[in-house]
Amino acid sequence: QRHPVFSIIRDQVDDPYAHSRALYVSMTLAGLLLMLPTPSMAERLSFLVGDVSKRELLEQYPVFQESYANHTVGQALVDLPSDLAVTILFGTWCHDSEREVPRLLKLLTASGVADTAINLIGLDIRKQEPLGRGEALGARYTPTFIFYSDGHEIGRIVERPDVSFANDLSRFLGRQP
């Protein structure tokens, strides 16, 4: 008795078009699967680029909204500089951004940092946006969080914090976490 694989090979030898038909059916099925409307697929195919408000991000991207809603801030930061500003370079297509951006936004909100002090900049998959800030600010990975005080950069977190956002920001400010 022959192994089933050898039967398939023998059948393909007998029918020179079997491989082409199988490939056509596979490609057709793959194309049909890609056409199925799913929210996650729609999110992955369209992304925000350029200046984005916190409200826009959370309203238009359920993954970010869910992560924001589910994150619990352990302890808000106190005595932050009144001029603290944060630039967040991120991608709505990026899994690290989906996880980390909502966490920092929730911490900043709990710590009393105004939304106007937070500059969200959406990047495309090449880490670019129309004003060229991704390249100008040296964003090689997303998300990149840049913290400023007194008009100067005081620290940067790339992709994820070393310990936690609260700990890393305290370190940038010269405080013991």
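Counting non-hydrogen atoms of neighbouring residues, nucleotides and ligands closer than 6.0 angstrom, the CG atom of Leu131 exceeds 12 such neighbours. Within a 6.0 Å radius of CD in Gln128, other residues, nucleotides and ligands contribute more than 12 heavy atoms. Applying the 6.0 Å contact sphere to CD of Glu135 captures no more than 12 heavy atoms from other residues, nucleotides or ligands.
Relative orientation of the Trp93 and Phe47 rings is perpendicular, given thresholds of 30° and 60° on the angle between their planes.
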Tyr68/Thr109 under side chain to side chain contact (heavy atoms under 4.5 Å, CB included): CA gap, chis, key distance, verdict = CA-CA 11 Å; Tyr68 184 86; Thr109 299; 3.5 Å; yes
key: CA sep, side-chain torsions, deciding dist, call: Leu105, Phe64, side chain to side chain contact (heavy atoms under 4.5 Å, CB included)   = CA-CA 10 Å; Leu105 291 176; Phe64 284 81; over 6 Å; no
request  = Please lay out, stage by stage, how Leu104 and Phe147 fare under the test side chain to side chain contact (heavy atoms under 4.5 Å, CB included).
outcome  = CA-CA 12 Å; Leu104 179 62; Phe147 299 88; 4.0 Å; yes
Intermediate values then yes/no, side chain to side chain contact (heavy atoms under 4.5 Å, CB included), Leu173 and Asp79 = CA-CA 10 Å; Leu173 295 168; Asp79 299 324; over 6 Å; no
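The shortest distance between side-chain heavy atoms of Asp162 and Asn167 does not fall below 4.5 Å. Side chains of Glu100 and Phe165 form a contact here, defined as non-hydrogen atoms less than 4.5 Å apart. When side chains are defined from C-beta on, Glu66 does not count as touching Pro102, because their heavy atoms never get closer than 4.5 Å.
Taken from CG in Leu58 to CG in Leu120, the straight-line distance is 8.5 Å, to the nearest 0.5 Å. Taking CD of Glu56 as the reference point, atom CG of Asp51 lies at 9.0 Å (rounded to 0.5 Å). Distance NZ/Lys54 to CG/Leu108: 8.5 Å, rounded to 0.5 Å. For the atom pair SG (Cys94) and CD (Glu159), the distance works out to 7.0 Å, reported to the nearest 0.5 Å. Ile121 CD1 to Phe90 CZ: the interatomic distance, rounded to the nearest 0.5 Å, is 9.0 Å. To the nearest 0.5 Å, atom CG of residue Leu123 and atom CG of residue Leu48 are 11.0 Å apart.
Under the side chain to side chain contact (heavy atoms under 4.5 Å, CB included) rule, Val101 has a single partner from Leu89, Asp96, Thr142, Leu57, which is Leu57.
Between the side chains of Thr144 and Lys127, no donor-acceptor pair of N or O atoms lies under 3.5 Å.
In this structure, the side chain of Thr87 does not engage the main chain of Asn119 through any donor-acceptor pair within 3.5 Å. When atom types are taken as modelled, the side chain of Ser67 and the backbone of Val63 share no donor-acceptor pair closer than 3.5 angstrom. A side-chain donor-acceptor contact under 3.5 Å links Asp124 to the backbone of Arg126.
Criterion: ILVMFWY side-chain heavy atoms under 4.5 Å apart, direct or through other members. Under it, Val49 and Ile88 are part of a common hydrophobic cluster.
With sequence neighbours left out, the side chain to side chain contact (heavy atoms under 4.5 Å, CB included) criterion links Ser111 to Ala76, Leu77, Leu80, Leu107.
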